[in-house]
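Note that ligands are numbered from 1 as they come in the structure, with each ligand's atoms numbered from 1 the same way.
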Amino acid sequence: MPTVEPPRVAIVGAGPSGLFAAAALVSNPDVRVDIFDRLPTPFGLLRYGVAPDHASIKAVATTLARVFESERVRFLGLVEFGRDVTAAELLAAYDAVIYAVGAADDRHLGIPGEDLPGSRSARQFVAWYSGHPDAEPQPMAGVRDAVVVGVGNVAVDVARILLKEPSALSVTDMPDMVLAALRQAEVEHVWLVGRRGPEHATFTTPELRELLETPGIGITLTGCDLDAIDGDVLERHARANVAAIARALAESPVTADRWLHLLFWHRPTALDGEGRVQAARFEPTAPFAEPLTVPADLVLRSIGYRGVPLPGVPYDEGRIPNLEGRVLELDSSARPGEYAVGWIKRGPVGLIGSNKKDAAETVAHLLTDLATRPRRQLEDLDATLAARGVHPSDLEDWRRIDGAEIARGGIRGSERTKIEAWHDLLDLVRRDAGPA
Ligand code: NAP
């Protein structure tokens, strides 16, 4: 009798959705999982998206990392899908492939001045303060007036980071150079702008309250009258948000060094400035609001992330078309052996924990399909990569980076200080690993 090889699954992306999928897979005996990432570090948006001052959410990494304790799981860092390995090669080497690549781009406002220096996406700003090795530096010297467009949780994160005293951030894992840049800013005003009312905002109440309770800030409200909102017809979370704002306004100091200005029922029409952004213009989106122009040295659009297409994989409007995680062609026909999880599956919404249920759904379908599809002879991808000069980094390399970051943190009195430069990360990777 020929022996049956254990099923092998490749996961592209070592963020929360990929790691939840890996955990769901290896809870089944036999299944082997290789997790690929273009970075030498796992955890994706948990590492490079969750705000540095949200230590309790970041602690989810400890749970997610447990999957690496299984000897049936491998981490292959520094392997970029499309450049170092193709969809066809993965499909030839594994019984199934799961795309867990998240949403690496963001939406644009499409207004004049949006590309002026000083205007960028919140996603880029978050990547910068999280120490992502690809993040562009963020000049902060002289930033007094900031505008954040959008009223979701990402907007709340960036507004809070801008309003906090940098000294309060030194206990986080922010890279030293980010803290130094934030110290150069002299933020006095942060405008948080929603195109609808506070009752329609997508931020969640605990996150909103945390922002409103940033020590030492004053709070104003423009563009809407809270008393005119009928709380009885609102859903619970919307009612709680409106109540939190009303309370914060009532308790706001009259004088403050830093101000959070909540502006609702306005949308930006243009960013103005000579050589860099200096002001943001807004038009009302409700009959009771007035046009407004505010000074702005920094404008962060926080209007949603967006998935990017993967070479050789169907793509539609920021997502991989799929039915409960089974990848589909654009004409809805099946793509056997290919699956999606996380934001590239369902769009850029939901908390880290939402990915657990999402991954379970995809993995359940994958295992059903595995049990019913005839097995194939699989190619040896390790040999293909080696022949191409691609030497993946592994868990040991990550543990070396992890240890170096914890050691750096010790110097500053934080649990960890991120290593943000590619060359420093690569220095910690074994010599035979790394890009060709
Ligand atoms: P989001 O919640 O979808 O918020 C996007 C915001 O952008 C909304 O206020 C939306 O307003 C606005 N918007 C969209 N297009 C616009 C336009 N053209 N002009 C002006 N405003 C526009 O997305 P997100 O903040 O990027 O967050 C993504 C997901 O991550 C969410 O599920 C969020 O809860 C989660 N997250 C959670 C945390 C946390 O738990 N601490 C932190 C960060 C992110 P409309 O509603 O009017 O479209």
Side-chain angles (χ1 to χ4, degrees), residues 15-17 44-60 102-114 119-127 129-130 147-161 164 172 191-214 223-224 235 237-238 241 245 262-271 280-286 289 292 299-307 317-319 342-358:
S17 66
L45 216 53
L46 189 58
R47 182 173 158 89
Y48 291 122
V50 169
D53 57 344
H54 277 174
S56 60
I57 306 180
K58 285 200 175 286
V60 174
D105 204 354
D106 42 71
R107 299 172 63 201
H108 291 251
L109 288 163
I111 58 170
E114 186 171 6
S119 160
R120 67 195 310 193
S121 70
R123 182 186 62 79
Q124 291 167 310
F125 188 72
V126 169
Y129 67 54
S130 301
V147 166
V148 181
V149 180
V151 282
N153 277 336
V154 171
V156 165
D157 276 348
V158 297
R160 187 182 67 255
I161 295 293
K164 268 193 172 176
T172 71
W191 291 81
L192 189 65
V193 188
R195 61 180 172 178
R196 299 188 286 156
E199 67 274 38
H200 306 113
T202 51
F203 43 54
T204 43
T205 312
E207 279 65 27
L208 171 65
R209 281 204 196 108
E210 185 188 5
L211 171 64
L212 297 170
E213 288 165 12
T214 306
C224 78
E235 280 182 30
H237 111 269
N241 283 350
I245 293 171
L262 303 169
L263 173 63
F264 290 102
W265 296 109
H266 281 78
R267 66 175 197 92
T269 51
L271 305 183
R281 277 190 267 160
F282 298 96
E283 71 175 14
T285 52
L292 188 75
V299 176
L300 299 174
R301 59 173 188 279
S302 182
I303 59 171
Y305 285 34
R306 191 177 163 82
E317 296 285 328
R319 297 190 301 146
W343 280 5
I344 199 66
K345 167 186 172 185
R346 63 176 200 276
V349 283
L351 311 179
I352 300 286
S354 321
N355 291 300
K356 190 171 182 182
K357 196 164 154 231
D358 174 293

Should V147 and L263 be marked as a side-chain contact (heavy atoms from CB on, under 4.5 Å) after you check the CA-CA gap, both sets of side-chain angles, and the distance that decides it? CA-CA 10 Å; V147 166; L263 173 63; over 6 Å; no

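- Residue-ligand proximity, S302 to ligand 1, at heavy-atom distances under 4.0 Å covers atoms 5 (C), 6 (C), 7 (O).
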So V50 and I352, side-chain contact (heavy atoms from CB on, under 4.5 Å) or not? Walk me through it. CA-CA 9 Å; V50 169; I352 300 286; 3.8 Å; yes

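- Residue G350 places a heavy atom under 4.0 Å from ligand 1.
- Of the protein's non-hydrogen atoms, N153 CB, 3.5 Å is the one closest to atom 38 (C) of ligand 1.
- Remark: side-chain polar atoms of R123 are paired, donor with acceptor, to backbone N or O of A104 under 3.5 angstrom.
- Only side-chain heavy atoms of L351 come within less than 4.0 Å of ligand 1; its backbone N, CA, C and O stay farther off.
- At least one heavy atom of E207 sits closer than 4.0 Å to an atom of ligand 1.
- Under a 3.5 Å cut-off, the side chain of K345 and the backbone N or O of R319 do not form any donor-acceptor pair.
- Residue-level proximity to ligand 1 for W343 is carried by the side chain, the only part with a heavy atom below 4.0 angstrom.
- For atom 18 (N) of ligand 1, the closest non-hydrogen atom on the protein side is R195 NH1, 3.5 Å.
- With ligand atoms numbered from 1 in the order given, ligand 1 contributes 1 (P), 2 (O), 4 (O), 8 (C), 9 (O) to contacts under 4.0 Å with heavy atoms of T202.
- For A201, no heavy-atom contact with ligand 1 is shorter than 4.0 Å.
- To the nearest 0.5 Å, atom CD1 of residue I111 and atom CZ of residue R301 are 9.5 Å apart.
- N153 and T204 share a side-chain donor-acceptor pair at under 3.5 Å.
- Which parts of ligand 1 touch D157 is read off a 4.0 Å heavy-atom cut-off, strictly below it: atoms 42 (C), 43 (C).
- The distance from the CZ atom of R195 to the CZ atom of F282 is 13.5 Å, given to the nearest 0.5 Å.
- Counting only heavy atoms of the protein, atom 26 (O) of ligand 1 lies nearest to V154 CG2, 3.4 Å.
- At a heavy-atom cutoff of 4.0 Å, ligand 1 is contacted by the side chain of R107 but not by its backbone.
- Proximity to V349 (heavy-atom distance under 4.0 Å) selects the following atoms of ligand 1: 32 (O).
- Nearest protein heavy-atom neighbour of atom 23 (O) of ligand 1: G304 CA, 4.4 Å.
- The proximity of V156 to ligand 1, defined as any non-hydrogen pair under 4.0 Å, does not occur for either the backbone or the side chain.
- A distance of 5.0 Å separates CG in D157 from OH in Y129, rounded to the nearest 0.5 Å.
- The atoms of ligand 1 that sit less than 4.0 Å from any heavy atom of L109 are 19 (N).
- Judged by distance alone, the side chain of D105 and the main-chain N or O of R306 form no donor-acceptor pair under 3.5 Å.
- Each of the following atoms of ligand 1 lies closer than 4.0 Å to a heavy atom of P348: 28 (C), 29 (C).
- Between V151 and ligand 1, an N or O atom pair is found at a separation short of 3.5 Å.
- Listed by chain and residue number, T41, F43, W398, E405, R416, K418 satisfy the side chain to side chain contact (heavy atoms under 4.5 Å, CB included) test with R47 (two or more places apart in sequence, or in another chain).
- Scanning the protein for heavy atoms near atom 7 (O) of ligand 1, the closest one is I303 CA, 3.2 Å.
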Checking side-chain contact (heavy atoms from CB on, under 4.5 Å) for the pair I245/L208: CA distance, chi angles, key distance, verdict? CA-CA 8 Å; I245 293 171; L208 171 65; 4.0 Å; yes

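- Distances below 4.0 Å separate heavy atoms of R196 from the following atoms of ligand 1: 45 (P), 46 (O), 47 (O).
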